[in-house]
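Here the structure comes first, spelled out in structure tokens, and everything after it is commentary.
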Amino acid sequence: MTVQARRDLLAASLDEVHQRIGRACAAAGRDPGSVALVAVTKTYPASDVVLLAGLGVTDVGENKDQEAAAKSAAVRAQDVEVRWHFVGQLQRNKAKSVVTYADVVESVDSTRLAGALSTAAARLRERPLDVLVQVSIDGDPARGGAIAGAAEADRDLWRVAAAVNDAEGLRLGGVMAVAPLDWEPERAFADLAALTARLRSEYPGATAVSAGMSGDLEQAVRHGATHVRIGTSLLGMRNTLR
Ligand SMILES: *Cc1c(COP(=O)(O)O)cnc(C)c1O
């Protein structure tokens with residue numbers, strides 16, 4: 001595919017995604033400017049990030065450290081600036097790498113990970129790192145996300161939020177969640193909204209709600225998402241499973 005053809009394709013799908021967000025906001029009586037788009041570019045090349053930035057996309061999401069480090073460097077080398085959101089499972093030993101290129105880490109789900117990011121951010125960054133606490137909506141400890149009332153203190157949602165809020169080098173921005181596969185998104189995002197309201201009453205600055213992907217952005221917007229993370233609907237089907 002030529003660069004021009006790829007650009008046209010991305011422009012068309014971006015337009016469609018903006019229309020979906022606009023319709024969802026209208027249906028929910030919300031201002032369309034209150035929902036930010038994060039383009040999830042995992043498995044797609046740096047050239048797509050550059051094209052998306054040229055089309056007005058300001059925020060990009062990645063879920064693997066190695067891929068994100070290389071891609072963000074390649075994009076920056078072309079003098080293109082976007083905000084990088086890390087949205088994947090993160091090992092503590094990758095904290096030092098992630099804080100060097102990420103603007104936001106959306107997937108903090110343990111006090112230990114918060115600690116590792118805090119140490120790295122305080123040492124390696126000039127500005128604080130924005131952090132969202134990833135919430136497990138169904139409370140399944142086998143998957144990612146902090147859990148309200150977790151058996152394991154390290155994974156307890158309220159403790160993780162407090163740890164981020166108190167940590168040097170980090171700023172608690174809000175929450176991120178993925179609707180569990182076997183749940184109605186409607187119910188998942190309603191539960192998330194209840195948890196978010198409780199979190200905000202304690203931390204008024206934690207206003208971000210990153211929820212909604214290609215398949216369920218409408219339900220997420222209806223329940224208050226401030227960020228939607230869109231991969232497939234923008235860039236096409238990924239051929240690797242992740
Ligand atoms: C891949 C991914 C997305 C994007 O999913 P799509 O269904 O392709 O829109 C959003 N959030 C996270 C955490 C992801 O890993």
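Indexing begins at 1, ligand by ligand and atom by atom, following the structure's order. Just so you know, these numbers use all the heavy atoms, side chains as well, and skip hydrogens, waters and symmetry mates.
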For a quick test of your reading: what N or O donor-acceptor pairs under 3.5 Å do the side chains of residues 157-171 make, sequence neighbours left out?
from	atom 1	to	atom 2	distance (Å)
R171	NE	D130	OD1	2.6
R171	NH2	D130	OD1	3.3

Problem set entry | Flag if over 12 foreign heavy atoms under 6.0 Å of CZ, R76 | yes

Exercise. What do you reckon, does M213 have a nitrogen or oxygen under 3.5 Å from a nitrogen or oxygen of ligand 1?
Worked result: no

Exercise. Looking at ligand 1, does any of its N/O atoms fall within less than 3.5 Å of an N/O of N63?
Worked result: no

Exercise. Does a side-chain N-to-carboxylate-O contact under 4.0 Å join K42 and E67?
Worked result: no

Exercise. Who gets closest to atom 2 (C) of ligand 1 by heavy atom: K42, M237, M176, Q134?
Worked result: K42

Problem set entry | Ligand-residue contact atoms, ligand 1 with T232, heavy atoms, under 4.0 Å | 6 (P), 7 (O), 8 (O), 9 (O)

Problem set entry | Criterion side chain to side chain donor-acceptor pair (under 3.5 Å) on H85 and D103, from CA distance to verdict | CA-CA 6 Å; H85 295 240; D103 298 288; over 6 Å; no

Side chains of residues 175-187: which donor-acceptor pairs under 3.5 Å do they make with residues two or more places apart or in other chains?
from	atom 1	to	atom 2	distance (Å)
E186	OE1	R222	NH1	2.4
E186	OE2	R222	NH1	3.1
E186	OE2	H223	NE2	2.7

Exercise. Does some non-hydrogen atom of E106 fall short of 4.0 Å from ligand 1?
Worked result: no

For this session: Write down the atom of V209, the atom of G224, and the distance for their closest heavy-atom approach.
Result: CB-O, 3.9 Å

Problem set entry | Atom indices of ligand 1, in the order listed, that fall short of 4.0 Å to a heavy atom of I230 | 9 (O)

Exercise. Are any of the N or O atoms of S233 closer than 3.5 Å to those of ligand 1?
Worked result: no

